[in-house]
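Residue numbers start at 1 and run along the sequence shown. Quantities reported herein were computed from a predicted structural model and do not represent experimental measurements. Remember, it's 1-based here, ligands and their atoms both numbered in the order they're listed.
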Amino acid sequence: MSDMMWGGRFTKAEEKNALDFNASISYDCRMYREDIAGSIAHAKMLAAHGIISKEDQEKITKGLLSIKKEIDEGTFPFSVELEDIHMNIEKRLTEEIGDAGARLHTARSRNDQCALDLHMYMKRNIARLSEKLIAVLEALLAASKKYQDVILPGYTHMQRAQPVLFAHHMLAYFAMLERDFKRLEDCYDMCDMSPIGACALAGTTYPTHPEEEANDLHFASVYGNSLDAVSDRDYLLQFLSFASICAMHLSRLSEEFIYWSTSEFQFIELDDGYSTGSSIMPQKKNPDMCELIRGKTGRVYGHLIGLLTVMKGLPLAYDKDMQEDKEGVFDALDTLYFALDIYAGMISTMTVNGDHTRQVLESDFSNATDMADYLAKKGLPFRQAHAVVGNAVHYCIEHHKVLLDLSMEEFRSMSPLFEEDIKEALSIENCVKNRESYGGTGPKSVERQQIHAGDMIAKMKEMSASWKEEMAFLG
Ligand code: ARG
């Protein structure tokens with residue numbers, strides 16, 4: 001007989017390489033808090049319904065708490081032979097308290113146990129992650145206020161298009177990350193259902209009360225189908241989808257920060273604290289953080305595709321393939337956590353070169369649409385106004401001028417509708433000021449967006465604090 005915890009029907013020990021290959025302890029040890037809390041709740045439910053004795057429950061609870069202390073303090077003897085966190089803890093408990101420990105796994109399977117742990121782990125870590133996401137949102141809003149008057153060229157096709165307020169640009173990222181927060185909320189809700197009680201796959205013959213365990217562990221509800229409970233990994237896929245979209249947003253911002261800080265653009269300067277130098281070129285200041293975050297987006301996407309692929313051919317209920325769910329999710333959590341943390345600091349400390357962005361705008365044709373609008377507002381059909389301004393731009397390029405360099409004679413030769421006030425209409429300030437349409441870049445519209453952003457941050461903070469409080473029992 002093998003001396004594994006499941007060794008009864010075996011006649012020889014597992015090969016060493018098979019054992020190593022099977023083990024998940026090196027990474028699922030992260031879920032020890034969840035595993036211990038889950039087992040304490042399980043023992044309580046078993047004792048409440050006479051499935052184990054109160055004395056056994058007390059011994060189990062005490063034993064588990066001292067194991068938690070050992071793990072917290074780094075003295076717990078983890079063993080690869082015991083495969084995963086669940087069996088490491090259970091074996092230790094049984095060594096310490098004897099038969100009572102061996103009764104803990106009544107009316108439970110590692111299949112519902114590992115799913116339970118992962119649900120709680122995700123809830124706790126979504127709460128932690130949400131704080132970092134909010135910190136980036138706060139930094140974006142603060143930057144939009146700090147550089148309230150800075151105007152920079154807005155681009156389409158990477159060609160200068162129309163002037164926009166820097167604040168408006170930051171608030172576009174705010175809007176993206178605000179949606180990410182909503183997605184994170186959905187993720188939390190998806191994780192907020194307890195699979196415990198499903199046992200291996202079919203439920204149990206014992207008079208269990210999974211809703212009591214769920215309640216003790218602060219879950220909103222319990223899975224209604226035991227097969228689904230042990231085989232569902234949708235909540236992880238949903239988290240990885242959120243993580244991929246959020247990483248994509250950070251990657252786009254990274255791309256902008258990278259080119260904005262080139263000598264060619266000089267729109268921003270990243271703080272020295274978030275930049276690195278070159279080992280050979282003394283003049284260099286490199287945006288490594290942005291590049292790394294852009295680069296790490298690839299691995300987050302990889303984890304999403306990886307788990308989707310793991311799951312796509314699996315028959316119900318539990319299959320060992322599903323042990324592959326954790327490493328990618330843990331790495332995505334870590335990657336995003338650090339990326340958001342870096343971003344909050346990087347945005348708060350960067351400098352925006354508003355004088356330079358203004359100079360750039362004064363030397364280009366970003367005000368061409370405003371010139372066409374001027375004519376259209378005087379009655380010329382917009383298509384014709386567009387053509388007049390197109391010709392004017394062509395004329396300016398040939399004569400090395402910008403639109404505001406044109407004399408009144410030149411303006412009038414292009415259209416008799418031009419009057420003195422065209423100069424004012426074409427000023428960079430007015431191009432921005434006049435765009436007060438809903439969601440536009442005009443200062444009043446931007447101020448409305450800032451007020452909305454502030455309100456949203458307050459709501460998100462409330463939500464995040466309630467998650468943190470809900471999961472605080474895990475320690
Ligand atoms: N370490 C396993 C996992 O993470 C736990 C579940 C194992 N269940 C089983 N029947 N072998 O998936």
**Q** Which heavy atom of the protein is the closest neighbour of atom 3 (C) of ligand 1, given with residue, atom name and distance?
**A** Y318 OH, 3.3 Å
**Q** Taking only heavy atoms of S24 into account, list the atoms of ligand 1 that are under 4.0 Å away from them.
**A** 1 (N)
**Q** Under a 3.5 Å cutoff, is there a donor and acceptor pairing between the side chains of R252 and H249?
**A** no
**Q** Check whether any N or O atom of K320, backbone or side chain, sits under 3.5 Å from an N or O atom of ligand 1, and answer yes or no.
**A** no
**Q** Could you tell me whether K16 and D20 make a salt bridge, using a distance below 4.0 angstrom between a side-chain N and a carboxylate O?
**A** yes
**Q** Is it the case that the side chains of E256 and H169 hold a donor-acceptor pair, with the cut-off being a distance below 3.5 Å and no angle test?
**A** yes
**Q** Is there side-chain contact between Y121 and D28, with at least one heavy-atom pair below 4.5 Å?
**A** no
**Q** Can you tell me which portion of Q113 lies within the under-4.0 Å heavy-atom range of ligand 1? Options are side chain, backbone, both, or neither.
**A** neither
**Q** If you count the atoms of ligand 1 from 1 in the order shown, which ones are under 4.0 Å from a heavy atom of D84?
**A** 1 (N), 2 (C), 5 (C)
**Q** Below 4.0 angstrom from a heavy atom of K326, which ligand 1 atoms are there? Numbered from 1 as shown, please.
**A** 3 (C), 4 (O), 12 (O)
**Q** Where is the nearest protein heavy atom to atom 11 (N) of ligand 1: which residue, which atom, and how far?
**A** R110 NH2, 3.4 Å
**Q** Do Q450 and S144 have side-chain atoms, one donor and one acceptor, less than 3.5 Å apart?
**A** yes
**Q** Do the side-chain N and O atoms of E269 and N353 include a donor-acceptor pair separated by under 3.5 angstrom?
**A** no
**Q** Report the distance from atom CD of E90 to atom CG of L82, rounding to the nearest 0.5 Å.
**A** 10.0 Å
**Q** Is the NZ or CZ atom of K123 positioned over F219's six-membered ring, under 6.0 angstrom from the centre and within 45° of the axis?
**A** yes
**Q** Judging by distance only, is a nitrogen or oxygen of E83 under 3.5 angstrom from one on ligand 1?
**A** no
**Q** I need the nearest protein heavy-atom contact for atom 8 (N) of ligand 1: residue, atom name and distance, please.
**A** N111 OD1, 2.9 Å
**Q** Below the 3.5 angstrom mark, is there an N/O of H86, backbone or side chain, next to an N/O of ligand 1?
**A** no
**Q** Quick one: nearest non-hydrogen protein atom to atom 2 (C) of ligand 1, plus distance?
**A** Q323 OE1, 3.2 Å
